[in-house]
Structures are given as C-alpha cells and as structure tokens.
Asker: 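Before I ask anything, here is the structure I am working with.
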There are 2 protein chains.
Amino acid sequence: MEHLIRFLLQSGLKPFSIDPAINELEKNLTRSELLALILIRFKKQITMSQLASDLGVPLSTVTNIGQRLKRRGLIERQRDPKDRRSILVSLTSEGMELANQMMIVLNRLIQRVEAALTPEELNQLIQLGMKALKAIQTVETGGEKEQARLRKIQISD
Amino acid sequence: MEHLIRFLLQSGLKPFSIDPAINELEKNLTRSELLALILIRFKKQITMSQLASDLGVPLSTVTNIGQRLKRRGLIERQRDPKDRRSILVSLTSEGMELANQMMIVLNRLIQRVEAALTPEELNQLIQLGMKALKAIQTVETGGEKEQARLRKIQISD
DNA sequence: GACTAATAATACGATATCGTAGTATTTTCC
DNA sequence: GGAAAATACTACGATATCGTATTATTAGTC
C-alpha cells in the first residue's frame, strides 16, 4: 500500500486530462463549470449551497461559476418558493445539450473500463473502492468550523 | 456502473478534503504547494517541467508555485549543470519538515484503509484499480505522450 | 410575537491559475 | 559547424478561486 501512494506520486496525480474530448470541452468552459453542469443535470434542480457542497468548493466560488454559466445561457436561476433564501439552478436546453456531450464522453470512459475488466472484477472494484473511500472519509466529530468543505456520504451496503 | 458515476456525482467529487489535519495545513499553503512539496520530497530533486507534469498543471503555474515556496524558504533552486535550461528544485530542511508532516497525515489515511480491508482485498483493489486506470488513461495512439509509469522507488524513511 | 442564531446567497478585494509571448539553452539534421 | 526546431523557463495580463463581510430569509427559544 505504501507503494500505491508512491506510485501515485511518482507517476503524477493529474486527475483528469484523460480523454481528448474533455480537453476540447475545456477550451470553452472551466472544469468546475463542466462539473457543475453535470451535477445539475443529475439533480435537475439544485441550490447553490448544494452545488458548492457537491463540487467541494466554497459557496462564493459557486456564485461566480453560476454567474458565468448564466451569462452563457446554460443555466436558469429561480428563487425557491419554499425557502426564499435559496436559489434553484437548472439547465437550459442549451446547457442540457452541453451536459449531454459531457455524458457521452464519460460513458465512453466507462465503456473503456468495462471493456478492460470482467463484470466480476468490475463489481469487486466498485465494492472495494467504496469500502476504502468510506474508511478514508471519516466524519470527524466535535471540531466545528468545517462547513461547505465537508461532505459526508451515505453509503448503503 | 451507471450508479458508480451517479454515486460519485452525488457524493461530490473533491478528492482531498478528508482529514482535518490537511485542512489545517491548507490554512498556510495551497493544495498545489503542498503536493509540490511532497513530490519534491519523493524525488529529492526535480525540474520545474517534471513538477508541472507530475502535478498536472501548466509550467507557468509551477513557476508561480515555485516562487511562493522559495519566498517561504521551503525549497531551493539551482540550475542543472547538465542542462542549463533546467532548474532543479529541492527541499530545504524547513520544507522537508513540512513535507514530513504531510506524510504523517497521508500515512494515517493509508492505515485507515489498511484497517478497513483485508490484505487480499487491499491487493485486489490495487490491482483492479490500476487496471481500470490504465484502461482510462489509454489515449488514442499516434502522437505519443508517454507518461511515467515505471516505479521503482527507494526511499528510506 | 419578538429576539437571537443559523442558513443561503452575493459583493468585493486578495491570491492562484492559466494561456501566450518572449528568452535562453540544447538537439536535430544537413 | 551552423541554421532551424525543440525544450525549459519566466513575464505578464486575463480569468478563476477563495476568504470575509454583508444582506435577506428562516429556524429556534422564551
């Protein structure tokens, strides 16, 4: 395991410059913006805070991201009637278009993995990966002051 | 597999805000700066380009990161006598100190994982994970990029 | 109901990142 | 051996991110 880390460090930890199509999309939009689009696509509607938490960035950053996406006509904003402090963000058809393009790329990546592993292996990988993630993602107690940075996840085994 | 993505999206995709100690360190230094320190620690000496490649950020960004680390007295720079275009970066004792703190945190994370999985599970996870990564990272042939993948690491702790 | 605390979001200034242009050195190849 | 291409960096302006202060709304307590 020690060497896993070493391997990761040694081989560099670049997360995402994997598919050329992604780089292509990143010519026009930030990675954060692209991720935001995908997240919104999955949730249909989402508040700014939720988005911040899901992206793992401060809310003030999401404010900026949202402004840029709005300016480009990719998202719509409307106040939540249930809680008028919140703003619900959703995709415009143009934004949906772009998010779909992203999904195509993502699905291609998934297919590559599915092609490389047997179904059994894939299943195993997912199970083990989740287990490991869960172990890492300890929810620390007591010490407040962690806010948007902290997202805890609910894993059903 | 579809739900893997969904899970990842639902649970947020920020990799690193996991251990409170990391957040503590990030009060003083950027994540990039911390990663840079760790990378330099592992390689002992490394050029700016290599660092950029390992971090997965543009060289111009590394120039800035380097300047900040230098200013804080955490790294040293010297021209490579073998290739006077390059600059070799290494840790000062103060930088090493900090990198070691990072490693302590990382090792704690590793231990958490090791505690959660049996040795066989862990091994399998690593194997499968690498296989999947490799599948993803295989970009179309032709212009080759050839990233580092040979590990043979020899560090005395 | 009114007061206080908590939450959701934005504004704004400070810092980090990135793309591109420019400089210096090395490699290629004739 | 020397011109042209490639490589390693830095400088600099544009954009993105972040922390903090501020405003608006809701939740909690008496």
Side-chain angles (χ1 to χ4, degrees), chain A residues 14-17 22-37 40 45-72 74-89 144-151, chain B residues 13-14 16-17 22-37 45-72 75-89 143-146:
Chain A
K14 34 173 101 211
F16 238 134
S17 31
I22 292 183
N23 295 46
E24 199 46 48
L25 289 171
E26 285 187 342
K27 290 252 160 68
N28 301 317
L29 294 178
T30 308
R31 180 164 308 168
S32 304
E33 289 165 354
L34 292 174
L35 289 176
L37 287 181
I40 300 170
Q45 249 189 350
I46 186 175
T47 68
M48 299 291 274
S49 315
Q50 257 296 307
L51 202 45
S53 157
D54 285 0
L55 284 171
V57 303
L59 181 56
S60 66
T61 300
V62 173
T63 296
N64 288 318
I65 293 174
Q67 286 173 344
R68 295 188 315 255
L69 292 177
K70 177 84 189 299
R71 221 178 288 134
R72 286 169 206 254
L74 299 175
I75 63 169
E76 267 167 0
R77 297 161 45 100
Q78 74 182 96
R79 285 222 109 81
D80 182 349
K82 299 286 189 183
D83 182 341
R84 301 178 34 68
R85 292 169 299 181
S86 299
I87 288 202
L88 292 172
V89 185
E144 318 305 318
K145 130 174 291 258
E146 303 298 337
Q147 39 164 42
R149 289 301 219 161
L150 221 282
R151 87 201 117 307
Chain B
L13 353 93
K14 247 298 167 71
F16 240 135
S17 26
I22 292 183
N23 295 47
E24 199 46 48
L25 290 171
E26 285 186 342
K27 291 251 160 71
N28 301 317
L29 294 179
T30 310
R31 181 164 307 171
S32 305
E33 290 166 353
L34 292 173
L35 289 176
L37 287 181
Q45 249 190 350
I46 186 176
T47 68
M48 299 290 276
S49 317
Q50 258 296 309
L51 203 45
S53 157
D54 285 0
L55 284 172
V57 304
L59 180 57
S60 66
T61 300
V62 173
T63 295
N64 288 319
I65 293 173
Q67 286 173 345
R68 292 185 321 253
L69 292 177
K70 177 82 188 300
R71 219 177 290 134
R72 286 168 205 254
I75 63 170
E76 267 168 1
R77 298 161 45 99
Q78 73 183 97
R79 285 223 110 80
D80 182 349
K82 301 286 192 183
D83 182 342
R84 301 178 34 70
R85 293 169 300 183
S86 300
I87 288 200
L88 292 172
V89 186
E144 217 24 61
K145 231 135 186 269
E146 190 49 56

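Chain A is the first sequence line, chain B the second, and so forth, proteins listed ahead of strands; every chain is numbered from 1.
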Asker: Are B/R79 and B/R85 packed together at the side-chain level, in the sense that at least one heavy-atom pair is separated by less than 4.5 angstrom?
Answerer: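 The answer is no, as the side chains (C-beta and beyond) never meet within the 4.5 Å cut-off.
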
Asker: Can you figure out which of D/dT17, C/dC18, D/dT26 approaches the side chain of A/D83 most closely?
Answerer: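 Closest nucleotide among those given: D/dT26.
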
Asker: Whole angstroms only, please: what is the CG-P distance between A/L29 and D/dT15?
Answerer: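 Spelled out: CG on A/L29 to P on D/dT15 is 14 Å.
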
Asker: According to a strict under-4.0 Å criterion, is B/Q67 in side-chain N/O contact with OP1 or OP2 of C/dA16?
Answerer: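 The answer is no; no side-chain N or O of B/Q67 sits under 4.0 Å from OP1 or OP2.
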
Asker: Provide, to the nearest angstrom, the distance between the CG atom belonging to B/L55 and the C1' atom belonging to C/dA16.
Answerer: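 In whole Å, C/dA16 C1' lies 14 Å from B/L55 CG.
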
Asker: Rounded to whole angstroms, how far apart are CG on A/L69 and P on D/dA16?
Answerer: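 Interatomic distance, CG of A/L69 to P of D/dA16: 10 Å.
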
Asker: Remember a base hit wins even if backbone is also touched, and classify B/S86 as base, sugar-phosphate or nothing at under 4.0 Å, heavy atoms.
Answerer: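 If one applies the 4.0 Å heavy-atom cut-off, B/S86 turns out to touch the sugar-phosphate alone, with no base involved.
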
Asker: With A/E33, which of A/R71, A/K70, A/K27, A/R68 fulfils salt bridge (charged side-chain N to carboxylate O under 4.0 Å, His left out)?
Answerer: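 The residue from A/R71, A/K70, A/K27, A/R68 that satisfies salt bridge (charged side-chain N to carboxylate O under 4.0 Å, His left out) with A/E33 turns out to be A/R68.
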
Asker: Under 4.0 Å between any heavy atoms, over every strand shown, what does B/L59 touch: base, sugar-phosphate, or nothing? Just pick one.
Answerer: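 Base contact.
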
Asker: Within the 4.0 Å heavy-atom criterion, would you say A/V62 contacts the bases, only the backbone, or no part of the nucleic acid?
Answerer: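 Here A/V62 touches no strand at all.
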
Asker: NA contact type, A/S60, heavy-atom cut-off 4.0 Å: base, sugar-phosphate, or nothing?
Answerer: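 It contacts base atoms.
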
Asker: Starting at atom CG of B/N28, determine the distance to atom C1' of C/dA16, rounded to an integer number of angstrom.
Answerer: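 Going from CG in B/N28 over to C1' in C/dA16 covers 16 Å.
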
Asker: A/R85 side chain: which of C/dT10, C/dA8, D/dT10 is closest?
Answerer: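 Of the options given, the side chain of A/R85 lies nearest C/dA8.
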
Asker: Please give, in whole Å, the distance from C/dA8 P to A/Q78 CD?
Answerer: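 Atom-to-atom, A/Q78 to C/dA8, this comes out as 17 Å.
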
Asker: Would you say that A/L74 contacts A/L29 through its side chain, given a criterion of any heavy-atom pair below 4.5 Å between the two side chains?
Answerer: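 A/L74 reaches A/L29 side chain to side chain.
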
Asker: Looking only at side-chain N and O atoms, does B/R79 come under 4.0 Å of OP1 or OP2 in C/dT26?
Answerer: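 For B/R79, the contact criterion (side-chain N or O under 4.0 Å from OP1 or OP2 of C/dT26) is not met.
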
Asker: So, is B/R77 close to the D/dA8 phosphate, meaning a side-chain N or O under 4.0 Å from OP1 or OP2?
Answerer: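 False: B/R77 side-chain N/O out of range (4.0 Å or more) of D/dA8 OP1/OP2.
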
Asker: Could you check whether B/N64 gets within reach of a base, just the sugar-phosphate, or nothing at all, counting any heavy atom under 4.0 Å?
Answerer: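 The answer is base, as B/N64 lies within the cut-off (heavy atoms under 4.0 Å) of a base atom.
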
Asker: Among A/D83, A/I46, A/I40, A/T47, exactly one meets side chain to side chain contact (heavy atoms under 4.5 Å, CB included) together with A/L88. Which residue is that?
Answerer: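 The option that passes is A/T47.
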
Asker: Is B/D80 paired with B/K82 through a side-chain N to carboxylate O contact shorter than 4.0 Å?
Answerer: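 No salt bridge links B/K82 with B/D80.
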
Asker: For the pair made of NZ in B/K82 and P in C/dA24, what is the distance, rounded to whole Å?
Answerer: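 Atom NZ in B/K82 sits about 24 Å away from atom P in C/dA24.
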
Asker: Using OP1 and OP2 only, check whether a side-chain N or O of A/S32 sits under 4.0 Å from D/dA16.
Answerer: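 Checking D/dA16 against A/S32, no side-chain N or O comes under 4.0 Å of OP1 or OP2.
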
Asker: Report yes if at least one side-chain N or O of B/R84 is closer than 4.0 Å to OP1 or OP2 of C/dA24; otherwise report no.
Answerer: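 False: B/R84 side-chain N/O out of range (4.0 Å or more) of C/dA24 OP1/OP2.
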
Asker: Output the rounded distance in Å from CD (A/E33) to P (D/dA16).
Answerer: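 A/E33 atom CD is separated from D/dA16 atom P by 6 Å.
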
Asker: Starting from the 5' end of DNA chain D, give me the residue, A/T61 or B/T63, whose nearest nucleotide shows up first.
Answerer: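 Nearest-nucleotide comparison on DNA chain D picks B/T63.
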
Asker: The side chain of A/P58 lies closest to which of these nucleotides: C/dT10, D/dC18, C/dA16?
Answerer: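 For A/P58, the side-chain atoms sit closest to D/dC18.
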
Asker: Ignoring hydrogens, what is the shortest heavy-atom contact between B/A36 and B/I65? Give both atom names and the distance.
Answerer: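 Between these two residues, the closest heavy atoms are CB-CG2, 4.2 Å.
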
Asker: To the nearest angstrom, how far is A/D80 atom CG from C/dT7 atom C1'?
Answerer: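 So the CG-C1' distance, A/D80 to C/dT7, works out to 13 Å.
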
